[in-house]
Amino acid sequence: MTRNIMSSSLIFKLALVLVLGLVSSLLASGFDSENVDRKIYIVYMGNKPQDTASTPSHHMRMLREVTGSNFAPESLLHSYKRSFNGFVVKLTEEEAHRISAKEGVVSVFPSGKKHLHTTRSWDFLGFTKDVPRVNQVESDIVVGVLDSGIWPENPSFSDVGYGPIPAKWKGTCQTSANFTCNKKIIGARAYRSDNVFPTADIPSPRDSNGHGTHTASTVAGGLVSQASLYGLALGTARGGVPSARIAVYKICWSDGCSDADILAAFDDAIADGVDIISLSVGGSEARYYFNDSIAIGAFHSMKHGILTSNSAGNDGPDYFTIRNFSPWSLSVAASTTDRKLVSRVEIGNTNVYQGYTINTFDPLGKQYPLIYAGDAPNIDGGFTGSISRFCSEGSVDANLVSGKILLCDSIVAPSAFVYFSEAVGVVMNDDGVKYPSNSYPLPSSYLQTVDGDAIKTYMASNGVPTATIFKSDAVNDSYAPFVVSFSSRGPNPETLDILKPDLTAPGAEILAAWSPIGPVSSGVIDSRTTMYNIISGTSMSCPHATAAAVYVKTFHPTWSPAAIKSALMTTATPLKPDINVEAEFAYGAGQINPLKAINPGLVYDANESDYVKFLCGQGYTSAMVQSLSNDNTLCNSANIGRVWDLNYPSFALSSTPSQSINQFFTRTLTSVDSNASTYTSTILGAPQGLTITVNPKVLSFSGMGEKNTFTLTIQGSIDPTSIVSASLVWSDSSHDVRSPITIYVVS
Ligand SMILES: *[C@@H]1O[C@H](CO)[C@@H](O)[C@H](O)[C@H]1NC(C)=O
Ligand SMILES: *[C@@H]1O[C@H](CO)[C@@H](O)[C@H](O)[C@H]1NC(C)=O
Ligand SMILES: *[C@@H]1O[C@H](CO)[C@@H](O)[C@H](O)[C@H]1NC(C)=O
Ligand SMILES: *[C@@H]1O[C@H](CO)[C@@H](O)[C@H](O)[C@H]1NC(C)=O
Ligand SMILES: *[C@@H]1O[C@H](CO)[C@@H](O)[C@H](O)[C@H]1NC(C)=O
């Protein structure tokens, strides 16, 4: 399995990454001379043992017992021991099976690869640079960013004006090569458990991709005026919490992000003392919670009071495509802002068509000959026009298109531009992916077929067709916000009745800091460099939510991860189901509103015991649960939690086509207001055929910390093809505490 950083502009790299990943795993598997097929496995053993020092030797002992005469000490690649227990080891499938039966082992799974799934976005959220801040607290917050590293010299990470490093910080800075930290980037580590560094990568926390620099600066970059991508999106680039410190954990390389390294980074980040973890990475399949490095890492960070903020994934818009969905983490979808980048094409008859692409190239300035790819097949390569019209790799005759604008009947990956790099520009004609825009190595525009076909008609009736392409313009998108199509959708594949994603944040065309050695587009012929780049993905929305969570934490330093998540969810702005038909499975509770989130009135809190109770109810065994929790928790009758009673800030209920619905949920609200208050419940949008009742309907709180429990009951029946949405709102005179309610049928 391959895992990627979740930037959709990097999706085009995926094919290449897959090939590289395959090559490197073939190389890596040649580990022993006997040619036994060993893979890298993670043996996860839950909680950190009391006696930390003995852990690696204990792991070695287990390994010896399982491998017997084949015992090879060098096959133990890494021991997790700072925040939880486990190790990384090369095993045969049979050995992996045997080790999974050992006492204390929670799960054993191959270490696969995950991938990497200005700034108008903050202003669009109403979160201006003048919002009230608790600066002293904010500058003591350390944000752990697990990603592709960082470019520390980028102006967004200047430490001018920052005070001393927070005293609590226990991390280190791996200053290899010329990499150094400062008072802004206070920690940096790089992980490569197989010790085989791809040649394209720098073996230090330095970011050669750009992605990690982008996400880190979106959370906590300082204010940099006049930032832009070649003049596009010009403005002040800033992170959501510009005073906070950054700790970098480089887990992603040009061949992906391995599970073993992700867990090693969690092990360190928790022990180093980060306050929050931001992770814009995910797998390409859904995994059971304790077979997933991110869900495991997030579980241990939750135990230590650290929220993990995750990208939902870039595999939408189909249902069940969400990649990070553990109940103890925050899962963030990606939505648009009102700034949309378009690029216009003008043809010889002066008609102008508006397409999507981030085109940083200066206007071509004059009309160039236009050639249809279907009329330029690479005949020597054995291609005909019926193939070359799509501009697929090698199908176009490079000589024929030289000096011309090429019209392709398909969207083309930037990497494929290498086959027609002599063209002046490229117009792509496709209805596949509408938005958001991508960067390409040549002047280009991506038109919908209604426009592309009009150009073809013009070409058919004109002996010497011509066209020109303009640099991108920013236009106001009045539909914003909506969830973009690539953003992964729920339902939660592992627990149908826990709603995922949790919320959405801006993830389309985000300007943020970049690595000067990371290309502007992923095209190999693209030699442009930039310190700020515009990219899209749930990778970009996740750090927005991370920053919002930090902002809440600066006002409420003692709040649990669940309380922070509740505050973000119950104050989020709901989106419109008429634009996103997947409704809450696209946007969860809605778009983050950081300013409202600091004053939610009430929170749905939860702690480790609550999640353990939930796990017992999900069929986990006492032995497993004991490994995960600090006490001797047993999954006995008193400790088996129903999924509907996990104190989650949203409600999801799955049903089957013929089933009538009758289910109750139990929730507990905690007042986070020092004043006494009385809240009344309202059900908004109660759908036809369903009755939703709340008992009691009114709750009184005498002040801070007081708790009250209520039940919500859903009865009736629904149309088996629809997703039914409603919401529960608890209101006093000054707060509306809103939770989405989603009822759906799984066939
Ligand atoms: C976890 O992964 C292992 C190894 O791939 C597999 O055998 C096991 O069935 C998985 N567990 C669950 C519950 O999916
Ligand atoms: C640091 O080293 C990297 C890789 O060797 C190089 O690309 C980069 O230019 C150097 N950066 C600085 C600021 O010296
Ligand atoms: C877009 O239009 C809306 C509504 O007219 C306005 O509130 C918003 O500020 C505009 N956005 C930009 C980027 O100009
Ligand atoms: C979790 O919260 C409950 C009360 O809601 C409390 O009884 C329990 O001790 C807490 N558990 C932990 C591990 O803090
Ligand atoms: C509590 O009530 C007082 C008086 O009504 C008001 O001034 C204050 O803002 C309230 N505090 C909070 C936290 O809402």
Side-chain angles (χ1 to χ4, degrees), residues 1 39-44 47 86 89 91-101 105-112 118-128 232-236 259 283 285-293 295-296 299-300 302-305 326 328 336-342 473-481 493-495 506 508-509 511 558-563 566 603-615 618-621 624-626 628-633 638-639 641 645-648 666-671 705-709:
M1 190 188 64
K39 275 198 293 204
I40 298 181
Y41 280 89
I42 291 166
V43 179
Y44 169 59
N47 237 21
V89 61
L91 296 173
T92 63
E93 207 178 319
E94 204 271 320
E95 288 163 350
H97 188 71
R98 260 188 283 155
I99 216 160
S100 67
V105 173
V106 177
S107 57
V108 177
F109 53 96
S111 173
T118 60
T119 69
R120 173 75 193 145
S121 48
W122 290 117
D123 288 324
F124 178 69
L125 292 171
F127 192 67
T128 65
L232 299 182
L234 180 71
T236 298
D259 288 314
E285 63 182 17
R287 280 195 183 183
Y288 147 81
Y289 299 127
F290 293 101
N291 266 5
D292 185 80
S293 56
I296 293 170
F299 186 83
H300 288 279
M302 172 276 294
K303 281 164 64 103
H304 288 81
S326 63
W328 41 85
T336 60
T337 72
D338 56 0
R339 185 189 61 203
K340 179 160 80 172
L341 292 170
V342 297
D473 301 305
V475 297
N476 192 331
D477 186 358
S478 55
Y479 281 104
E494 184 68 18
T495 314
E509 300 179 354
L511 176 74
T558 60
W559 281 11
S560 70
S566 174
V603 295
Y604 294 88
D605 204 357
N607 64 19
E608 181 191 343
S609 312
D610 298 308
Y611 297 115
V612 164
K613 224 170 148 172
F614 156 80
L615 290 170
Q618 296 294 294
Y620 290 67
T621 62
M624 207 163 164
V625 156
Q626 278 180 357
L628 297 173
S629 65
N630 287 320
D631 50 29
N632 284 329
T633 311
N639 209 33
D645 299 339
L646 179 64
N647 207 30
Y648 216 74
T666 312
R667 293 289 188 272
T668 300
L669 283 163
T670 305
S671 171
E706 173 150 356
K707 291 174 190 291
N708 271 307
T709 296

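Here the structure is a predicted model, which is why all the values come from computation and not from measurement. Just follow the structure's listing: the first ligand is 1, and inside any ligand the first atom is 1.
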What is the closest protein heavy atom to [atom], and at what distance does it sit?
atom                    : result
atom 13 (C) of ligand 4 : Ser609 OG, 3.3 Å
atom 14 (O) of ligand 1 : Tyr288 CB, 3.7 Å
atom 4 (C) of ligand 1  : Val108 O, 3.5 Å
atom 8 (C) of ligand 1  : Asn291 ND2, 3.8 Å

Please check if any side-chain donor atom of Ser560 sits under 3.5 Å from a side-chain acceptor atom of Asp605, or the reverse.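 Indeed, the side chains of Ser560 and Asp605 share at least one donor-acceptor pair under 3.5 Å.
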Donor-acceptor side-chain pairing of Thr495 and Tyr289 below 3.5 angstrom: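 Per modelled atom types, Thr495 and Tyr289 side chains form a pair under 3.5 Å.
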For ligand 1, is there an atom lying under 4.0 Å from some heavy atom of Pro110? yes
With side-chain contact (heavy atoms from CB on, under 4.5 Å) as the test, pick out the partner of Tyr604 among Leu646, Thr668, Asn647. Asn647
Could you tell me whether Glu608 and ligand 4 have an N or O pair separated by under 3.5 Å?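 Looking only at distances, the answer is no, because the N/O contact criterion of under 3.5 Å is not met.
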Ring geometry between Tyr620 and Tyr288 (parallel below 30°, tilted from 30 to 60°, perpendicular above 60°):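 Judged by the thresholds at 30° and 60°, the geometry between Tyr288 and Tyr620 is parallel.
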Tell me the nearest of Thr668, Asn607, Thr670 to atom 3 (C) of ligand 4, using heavy-atom distances.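 Shortest heavy-atom distance from atom 3 (C) of ligand 4: Asn607.
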Any non-hydrogen protein atom below 4.0 Å of atom 11 (N) of ligand 4?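 There is a protein heavy atom less than 4.0 Å from atom 11 (N) of ligand 4.
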